[in-house]
Amino acid sequence: MTEEVLARGFYRRDSLAVAPDLLDRLLVVGDRAGRIVEVEAYCGADDPASHAFRGPTPRNLTMFGPPGHLYVYFTYGMHFCANVVCGEEGEAAAVLLRGLTALRGVDAMRAVRPTARRDRDLGAGPARLCVALGIGRAHDGADLVTGDRGVVVVDDGTRPAVVSVSGRIGLRVATDRPWRFYVPDAPGLSRPG
DNA sequence: ACCGGGATGTTCT
DNA sequence: GAACATCCCGGTG
């Protein structure tokens, strides 16, 4: 089966369109890789829950850049989370990566995530996903189209049979917007279902 | 299984 | 000073 890197144009669309299309794509970081099974869309200036809602800051600058780059942020004093920048440059739309099925480099993932009881827990959650793949501050701004810093998103032809939708998780505002997309019953979901 | 609290530090008000 | 796109652990049932 052929593997193709997703092109710039894939990301240059509304985050609500990109988000479900990212499901079952392979996220590759160096020697580790997994399948994206859960994401959330964030819609720039129109979205009170988005980091971009109040305009550009040093932290969220990557979101305002060109699409197809990784936006990595630090939160809760100890966790990194990773997004894919979408839409036109300046739009600051993004898709948060929340769940991963571990595929390659699973031994390395187990080594850095000793608290994971089962392999399906390795990438189950946005911060866990980053630890499992080794994503940190150094990856902020990496270009997913060129394979910058070893990070790339690949289409291997696999498509989800069904995509489920729900409200976003962990927010205090705009919680009612049904902008979470996931592959039901896939290993690596941040919560069962 | 489910729930509650604490960890930990950057960012913005 | 408060909030935070989270996770882990230890309680209870």
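Here is how names work: the chains are called A, B, and so on, in the same order as the sequence lines, proteins then strands, and each is numbered from 1. Because the structure is a prediction, the values reported are computed rather than measured.
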#### Entry: Any pair counted as side chain to side chain donor-acceptor pair (under 3.5 Å), so long as it reaches residues 69-81 of chain A, sequence neighbours left out
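Qualifying pairs: A:H51-A:Y71.
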### Query
Within 45 degrees of the axis of the six-membered ring of A:Y11 and under 6.0 Å from its centre: does A:R8 put its NZ or CZ there?
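No, A:R8 does not lie over the aromatic ring of A:Y11.
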### Query
Is the NZ or CZ atom of A:R137 both under 6.0 Å from the centre of the six-membered ring of A:F74 and within 45° of that ring's axis?
yes
Measure [atom1]/[X] against [atom2]/[N] and give the value in whole Å, please.
X: A:F74; N: B:dC12; atom1: CZ; atom2: P; value: 14 Å
X: A:L61; N: B:dT11; atom1: CG; atom2: C1'; value: 15 Å
X: A:Y76; N: C:dA2; atom1: OH; atom2: P; value: 16 Å
X: A:L171; N: C:dA5; atom1: CG; atom2: C1'; value: 5 Å
X: A:R59; N: B:dT10; atom1: CZ; atom2: C1'; value: 7 Å
X: A:L70; N: C:dA5; atom1: CG; atom2: P; value: 17 Å
X: A:M78; N: B:dT11; atom1: CE; atom2: P; value: 15 Å
X: A:R54; N: B:dT10; atom1: CZ; atom2: P; value: 21 Å

### Query
Taking DNA chain B as the partner, which of residues 107-143 of chain A come within under 4.0 angstrom of it by heavy atom?
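Output list: empty, so none.
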### Task
Using the aromatic ring of A:Y42 (for Trp, its six-membered ring), decide whether it stacks on the base of C:dA5 within the limits of 5.5 Å and 30°.
yes
### NZ/NE/NH1/NH2 to OD/OE distance under 4.0 Å, A:R98 and A:E40
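A salt bridge is present here (some side-chain N lies under 4.0 Å from a carboxylate O).
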### Query
Are A:R35 and A:D156 within salt-bridge range, i.e. N to O under 4.0 Å?
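Result for this pair is yes, salt bridge flagged.
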### Task
For A:D107, enumerate each residue passing the side chain to side chain donor-acceptor pair (under 3.5 Å) test, keeping only those at least two apart in sequence or located in another chain.
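Per chain and number, A:D107 pairs via side chain to side chain donor-acceptor pair (under 3.5 Å) with A:R110.
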Reckon [X] has a side-chain N or O less than 4.0 Å from the OP1 or OP2 of [N]?
X: A:R172; N: C:dC4; value: yes
X: A:R180; N: C:dA5; value: no
X: A:H79; N: B:dT8; value: no
X: A:T57; N: B:dC12; value: yes

### Task
Find the distance between CD (A:E38) and OG (A:S166) and round it off to the nearest 0.5 Å.
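Between A:E38 CD and A:S166 OG, I get 7.5 Å after rounding to 0.5 Å.
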#### Entry: Atom P, compared across B:dG6 and C:dA2: separation rounded to whole Å
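B:dG6 and C:dA2 have their P atoms separated by 16 Å.
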#### Entry: For C:dT12, the Watson-Crick or wobble partner whose two distances fall under 3.5 Å
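Its partner is B:dA1 (Watson-Crick or G-U wobble, both distances under 3.5 Å).
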### Query
Is there a Watson-Crick or G-U wobble partner for C:dC7 with both distances under 3.5 Å, and if so, which one is it?
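Here C:dC7 is engaged in a pair, and the nucleotide opposite it is B:dG6.
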